[in-house]
Number of protein chains: 2
Amino acid sequence: MAKITDVARRAGVSASTVSYALSGKRPISTATRQRVEAAARELGYRPHAGARALAGRRSNVLALVAPLRAGIHVPVVMQFVASVVTAARRHDHDVLLLTQEEGEDGLRRVADTALVDALILMDVQLHDPRLPLLRTLDRPSVLIGFPRDCAGLTCIDLDFRSAGERCVEHLARLGHRVVALVGSPPEVYVRGTAFAQRVVQGFTAAADRGGLASAVHPCEATPAAARQVAERLLRDQPALTGVVVHNEAVLEPLVSAFEQLGLRVPGDLSVAAICPDELADRLHLTSVALPSAEVGERAVDLLMEKLAGGLVPEATLLQPTLNRRASTAARTTA
Amino acid sequence: MAKITDVARRAGVSASTVSYALSGKRPISTATRQRVEAAARELGYRPHAGARALAGRRSNVLALVAPLRAGIHVPVVMQFVASVVTAARRHDHDVLLLTQEEGEDGLRRVADTALVDALILMDVQLHDPRLPLLRTLDRPSVLIGFPRDCAGLTCIDLDFRSAGERCVEHLARLGHRVVALVGSPPEVYVRGTAFAQRVVQGFTAAADRGGLASAVHPCEATPAAARQVAERLLRDQPALTGVVVHNEAVLEPLVSAFEQLGLRVPGDLSVAAICPDELADRLHLTSVALPSAEVGERAVDLLMEKLAGGLVPEATLLQPTLNRRASTAARTTA
DNA sequence: GCGTGACGTCGAAGCGCTTCGACGGGGGAA
DNA sequence: TTCCCCCGTCGAAGCGCTTCGACGTCACGC
């Protein structure tokens, strides 16, 4: 493996000049720079990452903590991960993957050993135990998702509250007066995952504001649970005509269940989902998309800004947009 | 951040003694070692990863190249990734995540910069363009999946050929004489993904051997495609009584489609799947499980062995086991 | 009593890079 | 013509760790 002194020798300059020529941190004459670049190319020179990290106090690696627990939709996580990795590469950074289970020790480890320059956390809880650590850590971080209090942190996510609102408003505008939310599995609410709760808040607030009757039903991520919820919905709210679903796993079985129960979508029942756009598109559902890729990218951008010493907002909420598809229609005044 | 000299001073020894005491690479008296350990603990000492990599020529980081393309089941990928990360941590290694798109350049980059000590590749093609590179690279690697020729490499995977065979043999034993395979999306075969082809080979070979009539149908990963395939199956092979499915995404819609077409499972039609066990369990399907977690772990173990200078087999094929569930039954001699 | 290992520890030399201060030379201003 | 400054380059120091060779000490054997 060629090292910087090899490149220097071949270009007929000193090692420091090579460094400056390649990093651009000091002006180097065009002629010299070109000679250096040529030498580096010819030798296939690649700076040693460890040496660079040691001398330069930057590893050019980000840590990404990805969740792998029940109740979160795996493809969404994977999308995040993929977009973070891709975005990081655009900024010449690599991504070290940590699992949620590593916990605070893992974060401290990769930060203290200077393995990573900065951290991205997914699946943040309302009272996440990692928050105090993050606030004291000397390395910048970005949270995907919102804890109760994000003072001193940097958080980004889709505005789930307004996603809930948009769905209800859409149904209200179509004349629906009785609506229900089919939500995430109960454990997701129990452990205090903010985004799930925010959807509920938005849903309820918008329904109240619009004078709609509303109900909320958590739902396990199984077809059987979907069927049960469908039945219960019709029993509890016979006048129900609009349903908002925030649970990728039961989307399809839920719609099937409704149809098996004799309800046509959207003829008798309008359904709006909060889910990845690709899924909604496949099922022809009106939906608010989860912009995973965009969130991941923006998270990396925020992190880079912080690494560069810039100031970034504590909270970044991406505004949802509702895509109308075939599953919602004006209420038929039967 | 405390450094090794701080620990040395506090323990009243030299830096090299600290290094040896903590690494165990030379004998150190118990008394000294304990003083060093105490000092390190009290100072919260963490060796700088870059310095360590530079001096020790080991970064303790593995690269994992994960696919993110069409036709592969995302949860399976995620399982692999998770198990690799977890297993790596057990060996005191971290995992750098690369995307397939980074391609050969990405591999060369992380290897040449000494960012990683070793590599794990998923989603290997029969004639994978990365193979020549891997063979010449100075760093060990393990492939999850098999290329056409794995000489000089280390490959591991479930024995998909025998998975196909096991399914057919199971159906044959139950008296079925006409069987079909519903496979992966066509593009998966086109681009030469070995495991998909191996299933087909095993399926066909076992059917021929047992004198069963057989047919193979690739199938897009959509419910609509599943329905079409179901219909075509019944049209093409009216005597069909056994189906093997190797396509996670269409498992559920396919079974539904059969039932909607008036066929009871397993009464009229036996169905065996090759899919993650969790999915098969949820759908009550007889299946050969995809042991993603085990494959990931074993891959890491192999890599560690190679890093330690050991010799490992070029090919490791995990033997499949068939779990009998409610979707297969003896053929009713109607 | 002295030689001989073995054991435990130390000092110094790097690992390959970045960065700081310094320096030489050429051009512009006086 | 002289002085000054700036541009482009160099040398050296150091980032924090591992590792090699060496050295002192103690216990043992003769």
Side-chain angles (χ1 to χ4, degrees), chain A residues 1-37 39-40 43-61 92 109-117 138 307, chain B residues 1-37 39-40 43-61 92 109-117 138 307:
Chain A
M1 207 67 291
K3 34 198 199 185
I4 198 169
T5 51
D6 298 329
V7 178
R9 195 173 324 114
R10 177 175 257 255
V13 297
S14 74
S16 52
T17 300
V18 172
S19 178
Y20 287 126
L22 296 180
S23 73
K25 294 194 181 175
R26 275 201 190 176
I28 293 288
S29 70
T30 313
T32 305
R33 183 162 26 81
Q34 288 176 348
R35 255 183 311 131
V36 168
E37 282 164 359
L43 295 175
Y45 169 65
R46 305 276 196 169
H48 186 289
R52 192 188 257 249
L54 180 56
R57 323 160 154 284
R58 276 294 179 86
S59 67
N60 274 31
V61 175
D92 196 31
R109 181 174 58 81
V110 295
D112 286 355
T113 58
L115 232 192
V116 307
D117 295 334
D138 54 335
L307 276 174
Chain B
M1 209 67 288
K3 34 199 200 184
I4 199 169
T5 52
D6 299 328
V7 178
R9 195 173 323 117
R10 178 174 256 255
V13 297
S14 73
S16 54
T17 301
V18 173
S19 178
Y20 287 125
L22 296 180
S23 74
K25 295 194 180 174
R26 275 200 189 176
I28 293 289
S29 71
T30 314
T32 305
R33 184 163 26 79
Q34 289 176 345
R35 256 182 311 129
V36 168
E37 282 165 358
L43 295 175
Y45 169 67
R46 306 276 197 168
H48 186 288
R52 193 188 257 251
L54 179 57
R57 330 168 143 281
R58 275 294 179 87
S59 67
N60 274 32
V61 175
D92 196 34
R109 181 174 58 80
V110 296
D112 286 356
T113 58
L115 232 192
V116 306
D117 295 334
D138 54 336
L307 276 173

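Labels below follow one simple rule: chain letters A, B, ... track the order of the sequence lines, proteins then strands, and each chain is numbered from 1.
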(request) With sequence neighbours left out, write down each residue that passes side chain to side chain contact (heavy atoms under 4.5 Å, CB included) with A:I4, or none if nothing qualifies. (result) A:A15, A:V18, A:S19, A:Y45
(message) Quick check: do A:R52 and B:T113 have side-chain heavy atoms less than 4.5 Å from each other?
(response) no
(message) So, OP1 or OP2 of D:dC10: does either fall under 4.0 Å of a side-chain N or O from A:S14?
(response) yes
(message) I'd like to check the side chain to side chain contact (heavy atoms under 4.5 Å, CB included) partners of A:A51; sequence neighbours left out, ordered by chain and number.
(response) A:H48, B:L54
(message) Enumerate the salt bridge (Lys or Arg N to Asp or Glu O under 4.0 Å) contacts for residues 9-21 of chain B, please, sequence neighbours excluded, ordered by first and then second residue.
(response) B:D6-B:R9, B:R10-B:E42
(message) Can you confirm whether A:L115 sits close enough to B:V61 that some side-chain heavy atom of one is under 4.5 Å from a side-chain heavy atom of the other?
(response) yes
Show the distances under 3.5 angstrom between N or O atoms of the protein and N or O atoms of nucleotides 13-16 of chain C.
residue, atom, partner, partner atom, Å
C:dC15, O2, B:A55, N, 3.4
C:dG16, OP2, A:K3, NZ, 2.7

(message) Run the side chain to side chain donor-acceptor pair (under 3.5 Å) test against A:D112 and tell me which residues pass, sequence neighbours left out.
(response) none
(message) Looking at D:dT19, I'd like to know if its phosphate oxygens (OP1 or OP2) sit under 4.0 Å from a side-chain N or O belonging to B:K25.
(response) yes
(message) Base, sugar-phosphate or nothing for B:S29? Non-hydrogen atoms, less than 4.0 Å.
(response) sugar-phosphate
(message) What is the separation between atom CZ on A:R33 and atom C1' on D:dG8, rounded to the nearest whole Å?
(response) 12 Å
(request) Compare all side-chain heavy atoms of A:R33 with those of A:V36 and state whether any distance is below 4.5 angstrom. (result) no
(request) Starting at atom CD1 of A:I28, determine the distance to atom C1' of D:dC7, rounded to an integer number of angstrom. (result) 10 Å
(message) I want to verify a distance call: between C:dT9, D:dT9, D:dT19, whose nearest atom is closest to the B:S19 side chain?
(response) D:dT19
Is there any protein nitrogen or oxygen under 3.5 Å from a nitrogen or oxygen in nucleotides 20-22 of chain C, and what are the pairs?
residue, atom, partner, partner atom, Å
C:dC20, N4, A:Y20, OH, 2.8
C:dG21, N7, A:R26, NH2, 3.2
C:dG21, O6, A:R26, NH1, 2.3
C:dG21, O6, A:R26, NH2, 3.3
C:dA22, N6, A:R26, NH1, 3.4

(message) Quick check for you: to the nearest 0.5 Å, what is the distance between A:L22 atom CG and A:E37 atom CD?
(response) 7.0 Å
